[in-house]
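First comes the structure, then the notes that go with it.
Side-chain atoms are counted along with the backbone in the values below, which use heavy atoms only and exclude waters and symmetry mates. Counting starts at 1 for both ligands and their atoms, in listed order. Along the sequence shown, the residues carry numbers beginning at 1. The model shown is predicted, which means the values in this text are computed figures rather than measured ones.
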Amino acid sequence: MKYIFANWKMNLGTRESVALARGVMRTLRGKEKTPSVVIFPSFTVLNEVRKVMARSRMRIGAQNCGTDKKGAYTGEVSISMLEDVGCEYVLVGHSERRFVFGESLDVVSRRFAAAIASKLTPVLCVGEPLEERDAGNAKGYVGEQLTTALKGVRLPRQKHLFIAYEPVWAIGSDHAALVADMVDMHEYIKDTARKLVDVPESKIHILYGGSVNAVNAYTFLREELVDGVLVGGASLKIKEFQGIVDSATDVITAQEL
Ligand code: PEP
């Protein structure tokens, strides 16, 4: 299986979100073999988008989650609130949360632990800034993000482990990672995750994110170590997103996945 995760970030109001969700549904309609598509809209439109997608194969997720069940946490949205509106997935530790809003390794690991303990499937986002890659420390940096979030995690038997490798410098930059560098990092992430969490390899899914578009998606998705892509900017343009979905469908068909 290949996964296409669409991170709409803080871009769309209700009308635009509903229209885009309908457009994405149309791209999947009638096709026999399609990737698993999960949309991550803004909190305010989760309910409307869920209603639109109710009878489709698409799933819905949130862009972040609170660590606590309820209480005096102004501005946070709890996991049970996300479950309440039909979320099945949640992004944790997205680079914009870490670097724009200062979420520490500790905060990210608490969000991840809370999501693992719930019905949601968290998608742990990791990735190095350019200085770390230039200094030859990309794996050291990502390794620390993985270790703080995954150490001691006990994955419930029915759950899968999702990790998105998103180099900070590749996000929204039009400079996607080189396929060889990305494959090398995916291999490292898989090995590290297996050392940290007791989980069979078949349940670890590693996605690439960072300036994926309709033109380059196929070159990432055809790699065996790439279980899918997390798409930001290009997921807001229906033609681009359709191209990415079609690339995944071509890979699934060619590789008989
Ligand atoms: C993202 O924000 O997760 C992302 C990958 O963005 P973009 O596709 O725009 O680089």
Look at [atom] and say which protein heavy atom is nearest, naming residue and atom and giving the distance to 0.1 Å.
| atom | value |
| --- | --- |
| atom 8 (O) of ligand 1 | G232 N, 2.8 Å |
| atom 1 (C) of ligand 1 | H94 NE2, 3.2 Å |
| atom 5 (C) of ligand 1 | E166 OE2, 3.0 Å |
| atom 2 (O) of ligand 1 | K9 NZ, 2.5 Å |

- prompt: Given that the side chain starts at C-beta and the backbone is N, CA, C, O, which of these parts of N7 lies under 4.0 Å from ligand 1, counting heavy atoms, or is it both or neither?
  reply: side chain
With heavy-atom distances below 4.0 Å as the criterion, list the atoms of ligand 1 near [X].
| X | value |
| --- | --- |
| G210 | 5 (C), 10 (O) |
| G233 | 7 (P), 8 (O), 9 (O) |
| L230 | 3 (O), 5 (C) |
| S211 | 7 (P), 8 (O), 10 (O) |

- prompt: For D191, does the CG atom sit with more than 12 other heavy atoms under 6.0 Å from it, leaving out its own atoms?
  reply: yes
query: Relative to the ring of Y89, is the ring of F40 parallel (under 30°), tilted (30 to 60°) or perpendicular (over 60°)?
result: perpendicular
message: When you compare the side chain of V45 with that of L12, does any pair of heavy atoms fall below 4.5 Å?
response: no
message: So R98 and V168, do their side chains get closer than 4.5 Å, heavy atoms only?
response: no
Pairwise distance OG(S104) to CZ(R97) - rounded to 0.5 angstrom: 12.0 Å
- prompt: side chain to side chain contact (heavy atoms under 4.5 Å, CB included) between S56 and L28: does it pass, once the steps are laid out?
  reply: CA-CA 9 Å; S56 80; L28 298 173; over 6 Å; no
message: If we ignore hydrogens and angles and just use 3.5 Å, is the side chain of S78 paired with the main-chain N or O of M81 as donor and acceptor?
response: yes
message: Less than 4.0 Å is my threshold; does some heavy atom of G172 fall inside it relative to ligand 1?
response: yes
